[in-house]
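Atoms within a ligand are numbered from 1 in the order they appear, just like the ligands themselves.
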Amino acid sequence: MTQTLTEAEIKKSTKQDLFESPDFYGIDDLLTEEHILIRNSVRDFVKKEISPIIEDCAERNIFPEYLVPEFGKLGLFGPTVSTDYNPNGGLDYISYGLMMQEIERGDSGMRSTVSVQGSLVMFPIYTFGSEEQKKKYLPKLASGEYLGCFGLTEPNHGSNPSGMESRLEDKGDHYVLNGAKMWITNSPKADIAVVWAKNDEGRILGVIVERGMEGFSTPTIHDKWSLRASVTGELVFNDVKIPKENVLPGVSGLKGPLNCLDSARYGISWGAIGVAMDCYDTARRYALERKQFGKPIAGFQLIQKKLAEMLTEITKAQLVSWRLGVLKNEGKATTAQVSLAKRNNIEIAMHTAREARQILGGMGITQEYSIMRHMMNLESVVTYEGTHDIHLLILGHEITGIQAFR
Ligand code: TGC
Ligand code: FAD
């Protein structure tokens, strides 16, 4: 982790943050000095490197690719991976969550880049990969020299990945991969893809596909109104020869990709808090400055109701994600607990963004403020990594023991 702030600056910024970034229940007291240092370093980076360029990138639909090695230097990629493979690794899940919160406060698309690389590419290689695969790929992914992507969703199979049609045909010393993946974050720029496909027995395997393999292409999906600073594409496989050493040996079945999703969804629960904090902070400042009927609009009860409800929901979301982080550190977090956090925190972020936009009146729809960009981004965040309703059904299954998906 690059230390960009002095100790004195950390104390100062922490104090200011009580004002800028709500910590109404003193959650900072539950964090270690290292957590606060990490959080403030990423916050500082976002203020200096992301906030000044992000509206322009989103408007022009440009992925700021040059930031990928900077994210690597800051230690954002795979922070929970062991230091054997990631010099910036060895951190806990609270550290990871705080990083996601701060990056997504800047932009959900930037958090997407980071969480795909860490939770959906490095995590499966680290957890299910061979020693050779770990040594070959993890250090380059950690530094940002390589960018990765994760291929699960297909044109005909989104919420129901078990129906996937991509096939790995066993040819003795290698596999042949055919099929297509859709809606893949980072794909047009990725050096490698972790791809899930069925073998001859219909069992799901994970394979590492490298850019340049014959028959492999990554067309871009254009014209998104959401996550415009993140690049999204397809993965197309036409008789791609996959060496057997590129198969992840440690897992088979849907539990492979779903295990990765548990980690990424946890990070998103923190990221959504970052968005809500940014919207709340923007609305609060605006309400104190903007005057109507001879006084700041912050003095009207209806505006105070909106701000009070935002603060309440942000505080509840912070407590949920902090506790979930502790459970993850102890290896006790369940999929249903992760679903509750992802679902709840995105919902409160969407509500906070909508209310904040209203507090800004007409100004709320302009690019001068971040709120409309956040609102558009959240339409993807509420859909990917399991839709809002899929997470409700995961909770319904947990509560009743009855599966309502099929
Ligand atoms: P089901 O029968 O429930 O389970 C199949 C097998 O998987 C096991 N399992 C898990 N294992 C580990 N972790 C979990 N969270 C697990 N959940 C289930 C389960 O025990 C079983 O194992 P086995 O050994 O018996 O085979 O599966 P199902 O087919 O009924 O599906 C359940 C459902 C709908 C919840 C699941 O498929 C699901 O989560 N669907 C949503 C799909 C999704 O989230 N896609 C995300 C794609 S990646 C993405 O969006 C990245 S965006 C990144 C960014 O830009 O930030
Ligand atoms: P569908 O599955 O077709 O769902 C459509 C609607 O039907 C939803 O409202 C859903 O909740 C509902 N529905 C479906 N099944 C049921 C049911 N049983 N009961 C009730 N309602 C149901 N995927 C990857 O693999 N890798 C990536 O990197 C990635 N990045 C993405 C980036 C972006 C910007 C976006 C938008 C998506 C990304 N995805 C990625 C895909 C994402 O995970 C899927 O979009 C998501 O899982 C939903 O699948 P779908 O779009 O096919 O919708």
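- Distances from atom 17 (N) of ligand 1 to the protein include at least one heavy-atom value under 4.0 Å.
- No part of Leu227 comes within 4.0 Å of ligand 1, judged by heavy-atom distances.
- Protein heavy atoms are absent from the space less than 4.0 angstrom from atom 21 (C) of ligand 1.
- For the side chain to side chain contact (heavy atoms under 4.5 Å, CB included) with His388, the lone residue among Ile346, Val382, Thr383, Val381 that qualifies is Val382.
- For Lys244 and Tyr175, the positive end sits near the middle of the six-membered ring, less than 6.0 Å away and at most 45° from its axis.
- Each of the atoms 48 (S) of ligand 1 lies under 4.0 Å from some heavy atom of Phe150.
- For the residues Lys181, Lys255, Glu104, the heavy atom positioned nearest atom 24 (O) of ligand 1 is part of Lys255.
- Within ligand 1, counting atoms from 1 as listed, the ones closer than 4.0 Å to a heavy atom of Thr185 are 54 (C), 55 (O).
- Considering backbone and side-chain N/O atoms, Gly386 comes within less than 3.5 Å of an N/O atom of ligand 1.
- Between the choices Cys260, Pro161, Gly267, Ser252, the shortest heavy-atom distance to atom 37 (O) of ligand 1 belongs to Pro161.
- By the criterion of a heavy-atom distance under 4.0 Å, the side chain of Leu227, and not its backbone, is placed next to ligand 2.
- Residues Asn345 and Ser321 come closest through the heavy atom pair ND2-OG, 3.0 Å.
- Numbered from 1 in the order shown, with element, the atoms of ligand 1 that lie under 4.0 Å from a heavy atom of Asp262 read 13 (N), 14 (C), 15 (N).
- The residue from Trp196, Phe405, Phe150, Tyr384 that puts a heavy atom closest to atom 33 (C) of ligand 2 is Tyr384.
- Remark: atom 38 (C) of ligand 2 lies closer than 4.0 Å to at least one protein heavy atom.
- Contact annotation: for Ile184 versus ligand 2, heavy atoms closer than 4.0 Å belong to both the backbone and the side chain.
- Closest to atom 41 (C) of ligand 1 among all protein heavy atoms lies Ser159 O, 3.6 Å.
- Note on Glu214 versus Lys241: no salt bridge recorded, every NZ/NE/NH1/NH2 to OD/OE distance being 4.0 Å or above.
- Listed here is the closest heavy atom pair of Arg373 and Ala58: CD-CB, 3.6 Å.
- Nearest protein heavy-atom contact of atom 30 (N) of ligand 2 is Trp183 O, 2.7 Å.
- Here Thr387 has no heavy atoms under 4.0 Å from ligand 1, in either its backbone or its side chain.
- Nearest protein heavy-atom neighbour of atom 42 (C) of ligand 1: Gly158 O, 3.7 Å.
- No N or O atom of Arg203 sits closer than 3.5 Å to an N or O atom of ligand 1.
- Protein heavy atoms come within 4.0 Å of atom 11 (O) of ligand 2.
- Not a single heavy atom of Ala264 lies less than 4.0 angstrom from ligand 1.
- Residue contacts with ligand 1 leave out Thr232, since none of its heavy atoms falls under 4.0 Å from the ligand.
- Remark: atom 25 (O) of ligand 2 lies closer than 4.0 Å to at least one protein heavy atom.
- Under the 4.0 Å distance rule, the nearest protein heavy atom to atom 22 (C) of ligand 2 falls outside the cut-off.
- In terms of protein heavy-atom proximity, atom 17 (C) of ligand 2 is nearest to Leu393 CD1, 3.9 Å.
- At least one protein heavy atom sits closer than 4.0 Å to atom 42 (C) of ligand 2.
- Interface atoms of ligand 1 facing Val116, defined by a heavy-atom separation under 4.0 Å, are 53 (C), 54 (C), 55 (O).
- By the criterion of a heavy-atom distance under 4.0 Å, the side chain of Ser380, and not its backbone, is placed next to ligand 2.
- Using a 4.0 Å cut-off between heavy atoms, Trp183 makes no contact with ligand 1 at all.
- With ligand atoms numbered from 1 in the order given, ligand 1 contributes 28 (P), 29 (O), 30 (O) to contacts under 4.0 Å with heavy atoms of Arg406.
- The shortest N/O to N/O separation between Asn160 and ligand 1 does not fall below 3.5 Å.
- Contact annotation: Gly253 has no heavy atom less than 4.0 Å from any atom of ligand 1.
- Residue contacts with ligand 1 for Ser162 involve side-chain atoms from C-beta outward but no N, CA, C or O (heavy atoms, distance under 4.0 Å).
- With a 4.0 Å cut-off on non-hydrogen atoms, Asn186 does not touch ligand 2 at all.
- Residues Glu34 and Ser95 have side chains that never bring a donor and an acceptor to within less than 3.5 angstrom of each other.
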Derivation of the side-chain contact (heavy atoms from CB on, under 4.5 Å) call for Asp191 and Glu145: CA-CA 9 Å; Asp191 299 284; Glu145 183 183 339; over 6 Å; no
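- The closest approach between any non-hydrogen atom of His397 and ligand 1 is not below 4.0 Å.
- With hydrogens and angles disregarded, no donor-acceptor distance shorter than 3.5 Å links the side chain of Tyr384 to the backbone of Trp183.
- No part of Leu393 comes within 4.0 Å of ligand 1, judged by heavy-atom distances.
- Heavy atoms of Lys224 found under 4.0 angstrom from ligand 2: none, in either backbone or side chain.
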Verdict with supporting geometry, His374 and Asp107, side-chain hydrogen bond (donor to acceptor under 3.5 Å, both in side chains): CA-CA 7 Å; His374 284 315; Asp107 186 70; 5.5 Å; no
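- Distance check for atom 1 (P) of ligand 1: every protein heavy atom is found at 4.0 Å or beyond.
- Looking at Leu258 against ligand 1, both its backbone and its side chain come within 4.0 Å, counting heavy atoms.
- Ligand 1 has no N or O atom lying under 3.5 Å from any N or O atom of Thr153, backbone or side chain.
- Protein heavy atoms are absent from the space less than 4.0 angstrom from atom 26 (O) of ligand 1.
- Across the listed options Arg265, Lys342, His391, Arg265 owns the non-hydrogen atom lying nearest to atom 39 (O) of ligand 1.
- Of all protein heavy atoms, the one closest to atom 45 (O) of ligand 2 is Thr383 CG2, 3.9 Å.
- Ser159 OG, 3.6 Å is the protein heavy atom nearest to atom 14 (C) of ligand 2.
- At the top of the distance list for atom 52 (S) of ligand 1, counting protein heavy atoms only, stands Tyr384 CG, 3.5 Å.
- Residue Thr352 holds its OG1 atom at 10.0 Å from CD of Glu309, rounded to the nearest 0.5 Å.
- Distances below 4.0 Å separate heavy atoms of Arg111 from the following atoms of ligand 1: 56 (O).
- Of the protein's heavy atoms, none falls inside 4.0 Å of atom 51 (O) of ligand 2.
- When distances from atom 50 (O) of ligand 1 to the protein are checked, a heavy atom turns up under 4.0 Å.
- If you number the atoms of ligand 1 from 1 as listed, the ones under 4.0 Å from a heavy atom of Ile394 come out as 35 (C).
- Distance check on atom 7 (O) of ligand 2: every protein heavy atom falls at or beyond the 4.0 Å cut-off.
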